[in-house]
Amino acid sequence: MAQNTPTARPLSPHLQIYRPMLSMMLSIMHRITGAGLYFGMAPLVLWLVAAASGPESFAVAQAIAGSILGQIVLFAATWALIHHTLGGVRHLIWDMGYGFDLPGVEFTGRIIAVLPVLLTILIWVAAYFKG
Amino acid sequence: MTSFRTPLNKVRGLGSAKSGVHHWVSERISAIAGLPLVLFAIWLGVSLAGADHAAVAVAFHHPLTAILAALFLLTQLWHMKLGMQVIIEDYVHSSAKIVLLLANSAFTYLLGALALYALVKLSFGA
């Protein structure tokens with residue numbers, strides 16, 4: 001099984017010939033945000049463990065989260081979560097059989113490109129004024 | 001259109017992966033189940049932004065907060081395990097594939113154990 005590694009065969013070119021289209025970009029962004037959120041679960045869980053471990057550990061966790069790098073990561077993670085979630089809803093709509101025509105895909109695609117940014121900003125403004 | 005299903009295939013109904021569309025359906029179910037929980041998690045994150053330890057402890061003493069947080073983590077861990085499995089299967093075809101698939105399981109289950117321990121400790125602790 002392992003010794004039968006397939007000889008490298010030429011693949012049909014895609015990245016070299018297709019102009020980047022919204023549909024392609026959103027598709028790979030859905031996967032990238034998913035993978036990003038996957039790894040982002042680790043710091044989230046570690047933050048919870050720090051909270052459960054007492055005020056000293058939690059203070060360290062909050063200091064990391066509150067640092068400039070931490071805030072940038074959190075902002076990106078918020079956007080990734082909303083982008084992946086809304087994109088996922090779009091997928092579910094397709095799974096039910098709706099919106100898979102070209103105008104529908106373009107229309108919902110534009111929403112997914114813009115709305116997550118707006119919602120991320122909204123959420124961060126809300127958090128800023130709350131704290 | 002011609003059906004490509006063999007008679008045995010029709011009886012078993014599960015295809016060459018032996019589990020049919022189970023993975024695909026589970027991905028959707030975990031996504032749908034997680035959707036309201038993601039909204040809850042965002043709300044919780046906003047309300048706990050910049051909070052000190054005392055505030056966080058008080059928040060998780062409330063049973064609903066702890067339970068919903070646990071459900072959020074469990075559904076998301078389930079969903080992300082399924083998703084990463086697809087990514088690995090799409091891009092890795094060497095002997096590293098099995099190692100990565102095992103690592104995927106280990107990662108998600110480990111995070112689950114850590115998260116549940118932390119939530120129990122937070123909700124029942126001081």
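What you are looking at is a predicted structure, and each value in this text was computed from that prediction instead of being measured. To find a chain, count down the sequence lines: A is the first, B the second, and so on, and within it residues start at 1.
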> Can you list every pair that meets salt bridge (charged side-chain N to carboxylate O under 4.0 Å, His left out) and has a residue in residues 88-112 of chain A, with sequence neighbours left out?
Replying inline: A:Asp95-B:Arg28, A:Glu106-A:Arg110

> Should the pair A:His30 and A:His91 be assigned to parallel (<30°), tilted (30 to 60°) or perpendicular (>60°) ring geometry?
Replying inline: tilted

> In terms of heavy-atom proximity below 4.5 Å to chain A, should B:Asp52 be classed as side chain, backbone, both, or neither?
Replying inline: backbone

> Does A:Leu81 reach the side chain of A:Thr33, with side-chain heavy atoms less than 4.5 Å apart?
Replying inline: no

>> Please classify the contact between A:Leu92 and chain B as side chain, backbone, both or neither, with a heavy-atom cut-off of under 4.5 Å.
In response: side chain

> Looking only at heavy atoms, which two atoms of B:Phe107 and B:Met80 are closest? And how far apart?
Replying inline: CE2-CE, 3.9 Å

> Looking at B:Gly112, B:Ala51, B:Gly83, which has the largest count of heavy-atom pairs under 4.5 Å with chain A?
Replying inline: B:Ala51

> Would you say B:Asp90 and A:Arg31 make side-chain contact, with heavy atoms under 4.5 Å?
Replying inline: yes

> In terms of heavy-atom pairs under 4.5 Å with chain A, which of B:Asn104, B:Ile32, B:Leu35, B:Val86 leads?
Replying inline: B:Asn104

> B:Tyr117 versus chain A, heavy atoms under 4.5 Å apart: side chain, backbone, both or neither?
Replying inline: neither

> For the side chain of B:His53 and the backbone of A:Ala59, is there at least one donor-acceptor N/O pair under 3.5 Å apart?
Replying inline: no

>> So for A:Leu44, is it side chain, backbone, both, or neither that comes closer than 4.5 Å to the heavy atoms of chain B?
In response: side chain

> Quick one: what part of B:Ser123 sits under 4.5 Å from any heavy atom of chain A, side chain, backbone, both or neither?
Replying inline: neither

>> Between B:Val56, B:Val120, B:Ile87, who has the most heavy-atom pairs with chain A when the cutoff is under 4.5 Å?
In response: B:Ile87

>> Given 3.5 Å as the limit, does a donor-acceptor pair link the side chain of B:Glu27 with the main chain of B:His79, or not?
In response: no

> By a 4.5 Å heavy-atom criterion (distance strictly below it), what part of A:Val49 contacts chain B: side chain, backbone, both, or neither?
Replying inline: both

